[in-house]
Protein chains: 2
Amino acid sequence: MPDIKHFDPDAVLETVVRLFWREGVARTGIQDVVTATGLNRSSLYATFGGKQELYRAALRRYVEQWSRPAFRQLAEDGRGLPAIAEFFDGLIAVRCSGEYARWGCMVVNAQAGAENGDPEVGALLDHHHEQLRDALHTALTGAAAQGQLAPGADPGSAADVLALLAYGVNLRSRAGADARALKATVATALNALGARPAA
Amino acid sequence: MPDIKHFDPDAVLETVVRLFWREGVARTGIQDVVTATGLNRSSLYATFGGKQELYRAALRRYVEQWSRPAFRQLAEDGRGLPAIAEFFDGLIAVRCSGEYARWGCMVVNAQAGAENGDPEVGALLDHHHEQLRDALHTALTGAAAQGQLAPGADPGSAADVLALLAYGVNLRSRAGADARALKATVATALNALGARPAA
DNA sequence: AGGATCTTGGAATGGTCGTTTCAAGATAGC
DNA sequence: GCTATCTTGAAACGACCATTCCAAGATCCT
């Protein structure tokens with residue numbers, strides 16, 4: 001009976017993610033979405049609802065597609081500090097080179113851009129932070145169990161430090177920070193956490 | 001011959017700083033500025049120019065009034081790590097309590113909000129980062145001279161770490177992070193940098 | 001094939017944006 | 001007090017904003 005959609009909503013949302021991620025929600029108009037996706041306003045509104053709903057969907061997709069896999073891999077990698085180093089290496093690589101260079105982290109961008117007021121977005125930001133911290137905490141607990149941490153170092157506190165450090169990386173990368181400099185900075189932090197009495 | 005201004009441009013700019021700081025430039029309309037300052041559009045445009053120029057002026061004033069004094073005090077305090085701890089304590093206090101609680105840092109907000117494209121704003125962000133890093137570097141050099149750092153720790157690299165940490169504090173505070181948690185996190189980082197072989 | 005039901009295209013909506021314009025008001029020198 | 005020069009108030013500007021509406025087109029079921 002009914003007609004069927006003449007486009008792939010998932011592919012459209014992917015395009016929308018990139019728009020909001022790179023430009024921010026404030027600087028992206030519906031006209032920009034229409035132009036970038038190729039579909040028209042009617043289909044857009046019928047499929048996703050208004051702009052804010054579309055932004056929320058894009059933010060959810062970003063977390064699902066980018067943050068979650070990275071967090072999962074970090075938490076499931078049992079090597080300890082090397083796993084954390086690899087996590088940051090991957091982060092810096094995405095942030096400073098390739099297609100998404102200088103785009104920063106869409107979640108971090110949302111956090112500072114005052115683009116909220118939307119309670120659902122706020123909750124997502126908090127949840128994202130918790131997930132990051134938990135993944136780091138898991139990896140650091142493994143590191144401690146393998147004797148990779150300085151004696152007396154608390155994995156929980158160290159996870160907090162590294163989470164804030166990750167935010168710093170995301171922020172500075174959007175401003176065009178150098179990948180090598182960021183890597184060196186992260187290495188210094190990891191080294192400090194892992195420092196122990198000279199044997 | 002001419003008439004004289006019927007208001008104090010400096011007081012007006014102070015009001016504008018608070019508006020842009022708290023709400024962000026995207027969510028603040030000229031009408032909001034007019035309402036908050038009490039003066040009308042003609043005087044606004046005649047005195048400051050357009051919105052972007054007004055935002056730049058407000059950003060400059062913020063750096064001058066908030067960042068610069070804090071950086072100066074940090075750099076001129078010769079105590080080393082205690083000076084850095086006090087810097088972060090003051091930062092967290094402003095970010096989490098009092099009139100400016102949950103406002104974040106106006107410069108950091110500008111960085112993530114993608115509110116640039118304006119090269120002058122971009123240059124200001126870079127300059128701000130450099131100033132923060134330099135102040136931390138100076139304080140850390142003093143700390144190293146007093147034997148407060150872990151052996152082999154490089155003040156330059158440590159300054160990079162703490163600068164990114166400060167960005168993290170500014171970001172999370174805007175999302176409502178707890179002051180005590182932030183203090184504990186900073187303490188962990190400082191302790192890690194200062195850790196040395198058990199004597 | 002017929003008809004019900006959804007999608008699509010494109011114009012149109014009211015609202016808000018930043019900015020401009022211009023007459024009226026205020027000041028300082030003559 | 002008169003005039004030149006700036007400031008102030010308030011209305012008005014065109015452009016863009018997110019959103020809605022409706023006729024036309026496409027699809028599936030019977």
Side-chain angles (χ1 to χ4, degrees), chain A residues 1-60 110 113-121, chain B residues 1-59 109-110 113-121:
Chain A
M1 312 166 177
D3 194 358
I4 206 175
K5 278 192 202 306
H6 297 182
F7 61 93
D8 176 14
D10 213 54
V12 165
L13 195 53
E14 170 64 26
T15 302
V16 173
V17 165
R18 295 179 182 213
L19 257 179
F20 282 143
W21 180 4
R22 190 181 47 192
E23 302 291 337
V25 63
R27 288 161 70 96
T28 305
I30 289 292
Q31 180 57 50
D32 298 325
V33 176
V34 168
T35 303
T37 60
L39 49 83
N40 52 20
R41 290 169 161 75
S42 302
S43 307
L44 240 178
Y45 278 84
T47 308
F48 300 102
K51 185 185 181 182
Q52 190 61 23
E53 255 187 89
L54 182 59
Y55 176 66
R56 283 198 289 249
L59 203 54
R60 278 192 299 264
E115 305 169 338
N116 30 351
D118 186 336
E120 185 176 327
V121 171
Chain B
M1 315 165 179
D3 193 359
I4 208 175
K5 277 192 205 307
H6 298 181
F7 62 93
D8 177 13
D10 214 54
V12 166
L13 195 54
E14 170 63 26
T15 302
V16 173
V17 165
R18 295 179 182 213
L19 257 179
F20 282 143
W21 181 3
R22 189 181 47 193
E23 302 291 338
V25 63
R27 285 161 70 99
T28 305
I30 289 291
Q31 180 58 48
D32 299 323
V33 176
V34 166
T35 302
T37 60
L39 49 82
N40 51 23
R41 291 170 158 73
S42 302
S43 308
L44 241 178
Y45 277 84
T47 308
F48 300 102
K51 184 185 183 185
Q52 190 62 23
E53 254 187 89
L54 182 61
Y55 177 66
R56 283 196 289 248
L59 204 56
N109 296 351
E115 305 168 337
N116 29 353
D118 186 335
E120 186 177 327
V121 171

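A note on names: the letters A, B, ... follow the listed sequences, proteins ahead of strands, and every chain is numbered from 1.
- Looking only at side-chain heavy atoms (C-beta outward), A:Thr37 and A:Phe7 stay at 4.5 Å or farther from each other.
- We find that CZ of A:Arg41 is positioned 13 Å from C1' of D:dC21, with the value rounded to whole Å.
- Picking from D:dG9, C:dG9, D:dT7 the nucleotide with the shortest atom distance to the side chain of A:Ser42 gives C:dG9.
- Distance CZ (A:Phe7) to P (D:dT27): 14 Å, rounded to an integer number of Å.
- When the P atom of C:dG9 is taken as reference, atom CG of A:Leu39 falls 8 Å away, rounded to whole Å.
- The shortest side-chain heavy-atom distance between B:Lys51 and B:Val25 falls under the 4.5 Å cut-off.
- In this structure, A:Asn40 places its CG atom 14 Å from C1' of C:dC6, rounding to the nearest Å.
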Exercise. List the steps and the verdict of side-chain contact (heavy atoms from CB on, under 4.5 Å) for B:Leu39 and B:His6.
Key: CA-CA 9 Å; B:Leu39 49 82; B:His6 298 181; over 6 Å; no
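- As a whole-Å value, the separation of B:Ile30 CD1 from D:dG9 C1' is 17 Å.
- In this structure, the side chains of B:Arg18 and B:Glu23 stay at 4.5 Å or more apart for every pair of heavy atoms.
- Counting only heavy atoms from C-beta outward, the side chains of B:Gln52 and B:Val121 approach each other to under 4.5 Å.
- Heavy-atom distances to DNA chain C give each of B:Asp32 and B:His6 a nearest nucleotide, and the one nearer the 5′ end belongs to B:Asp32.
- Put simply, CZ on A:Arg27 is 17 Å from P on C:dC17, counting in whole angstrom units.
- In this structure, the side chains of B:Leu54 and B:Phe20 come closer than 4.5 Å at one or more pairs of heavy atoms.
- Scanning residues 44-51 of chain B for heavy-atom distances under 4.0 Å to DNA chain C yields B:Tyr45, B:Gly50, B:Lys51.
- Using a 4.0 Å heavy-atom criterion, one finds that A:Ile4 contacts the sugar-phosphate atoms exclusively.
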Quiz prompt | Test side-chain contact (heavy atoms from CB on, under 4.5 Å) applied to B:Arg27 and B:Asp32, step by step | solution = CA-CA 9 Å; B:Arg27 285 161 70 99; B:Asp32 299 323; over 6 Å; no
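- Separating the NZ atom of A:Lys5 from the C1' atom of C:dT5 is a distance of 13 Å, rounded to the nearest angstrom.
- In this structure, B:Ser43 does not reach the D:dT7 phosphate: none of its side-chain N or O atoms is under 4.0 Å from OP1 or OP2.
- Rounded to an integer number of Å, the gap from CG of B:Asp3 to C1' of D:dT3 is 14 Å.
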